[in-house]
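Worksheet: the structure to be examined is printed underneath.
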Amino acid sequence: MTLEYWKYDAGSDSVASLVIPAALGRQRTFDLDATLLVHVPAEAVGSWLELAVEVDGKRLWARRIPSDNPGETDGLEYHYRLAVEADADCRLRAKASCKGCRVVSLVLEARETVY
């Protein structure tokens, strides 16, 4: 059996989404990773970054933090073990927001795991 791997690299866009297609008669488990990287200008004051993750339209997780690296990059990551039911698609979405900085990279990945 070959394990599934799904990835969407949104680049500098603020939304990454992907669909894990249904597998007939087989429940699967995935390690879900969402990674946001932003550039914080040297003159940034009061800037922040936020990452939200949704599964099948329901918010799973969200976090907003101040950006503490003027003139550098900053980021947020989220990891979650996700069970996908047999015979059902799973829709994933990561959404980035920021103030006083700009999105450099937003990546959403799902790696099937066997335990």
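We number each residue from 1, following the sequence as shown.
Residue R26 qualifies as enclosed at atom CZ: its count of foreign heavy atoms under 6.0 Å is above 12.
In this structure, the side chain of D9 does not engage the main chain of V107 through any donor-acceptor pair within 3.5 Å. No donor-acceptor pair closer than 3.5 Å links the side chain of S47 to the backbone N or O of C101.
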Verify side chain to side chain donor-acceptor pair (under 3.5 Å) between Y8 and E109, making sure each step is shown before the conclusion.
CA-CA 6 Å; Y8 184 81; E109 297 175 277; over 6 Å; no

After noting the C-alpha distance and the side-chain angles of D31 and H79, does the key distance pass the side chain to side chain contact (heavy atoms under 4.5 Å, CB included) rule?
CA-CA 7 Å; D31 281 337; H79 176 81; 3.6 Å; yes

For S14 and L106, what are the C-alpha separation, side-chain angles and deciding distance, and is it a side chain to side chain contact (heavy atoms under 4.5 Å, CB included)?
CA-CA 7 Å; S14 61; L106 178 61; 5.5 Å; no

Using the side chain to side chain contact (heavy atoms under 4.5 Å, CB included) rule, take V84 and T29 through it: C-alpha gap first, then chi angles, then the decisive distance, then the call.
CA-CA 6 Å; V84 177; T29 302; over 6 Å; no

Chi angles and distances behind the side chain to side chain contact (heavy atoms under 4.5 Å, CB included) call for C98, V103
CA-CA 8 Å; C98 56; V103 174; 4.1 Å; yes

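Separating the CZ atom in R63 from the CG atom in L36 is a distance of 13.0 Å, to the nearest 0.5 Å. Rounding to the nearest 0.5 angstrom, the gap separating the CZ atom in R91 from the OG atom in S17 is 9.5 Å. From L108, atom CG reaches atom CG of L18 across 4.5 Å, with rounding to the nearest 0.5 Å. To the nearest 0.5 Å, atoms CD (E50) and OG (S67) are separated by 12.5 Å.
One finds a salt bridge joining D33 and R111 here, because a Lys/Arg side-chain nitrogen approaches an Asp/Glu carboxylate oxygen to under 4.0 Å. Salt-bridge annotation for E112 and R81: absent, with no side-chain N of the basic residue lying under 4.0 Å from a carboxylate O of the acidic one. A salt bridge between E4 and R28 is present, with a side-chain N of the basic residue lying under 4.0 Å from a carboxylate O of the acidic one.
W61 approaches L51 most closely through the heavy-atom pair CZ3-O, 3.5 Å. The two atoms that bring G100 and P41 nearest to each other are O-CD, 3.1 Å, heavy atoms only. Of all non-hydrogen atoms in G25 and A86, the two that sit nearest each other are C-CB, 3.8 Å. The minimum heavy-atom distance linking A10 with A16 is given by the pair CB-CB, 3.9 Å. Taking every heavy atom of both residues into account, W6 and P21 meet most closely at CZ2-CD, 3.4 Å. The minimum heavy-atom distance linking D74 with L49 is given by the pair OD2-CD2, 3.8 Å.
Checked against E54 for a side-chain hydrogen bond (donor to acceptor under 3.5 Å, both in side chains), the options R59, R93, K95 give a single hit: R93.
Both I20 and V55 belong to a common hydrophobic cluster when Ile, Leu, Val, Met, Phe, Trp and Tyr are linked at side-chain heavy-atom distances under 4.5 angstrom. When hydrophobic clusters are built by joining Ile, Leu, Val, Met, Phe, Trp and Tyr residues whose side-chain heavy atoms come closer than 4.5 Å, directly or via intermediates, V53 is grouped together with I65. Under a hydrophobic clustering in which Ile, Leu, Val, Met, Phe, Trp and Tyr are joined whenever their side-chain heavy atoms come within less than 4.5 Å, directly or via other members, L76 and L60 fall into the same cluster.
In this structure the side chain of S97 reaches within 4.5 angstrom of the side chain of W48, judged on heavy atoms. Inter-residue side-chain proximity for T35 and S105 is flagged as unmet; no heavy-atom pair is nearer than 4.5 Å. Taking 4.5 Å as the limit, some side-chain heavy atom of L92 sits within range of a side-chain heavy atom of L82. A 4.5 Å side-chain heavy-atom check between E43 and V45 finds every atom pair outside the cut-off.
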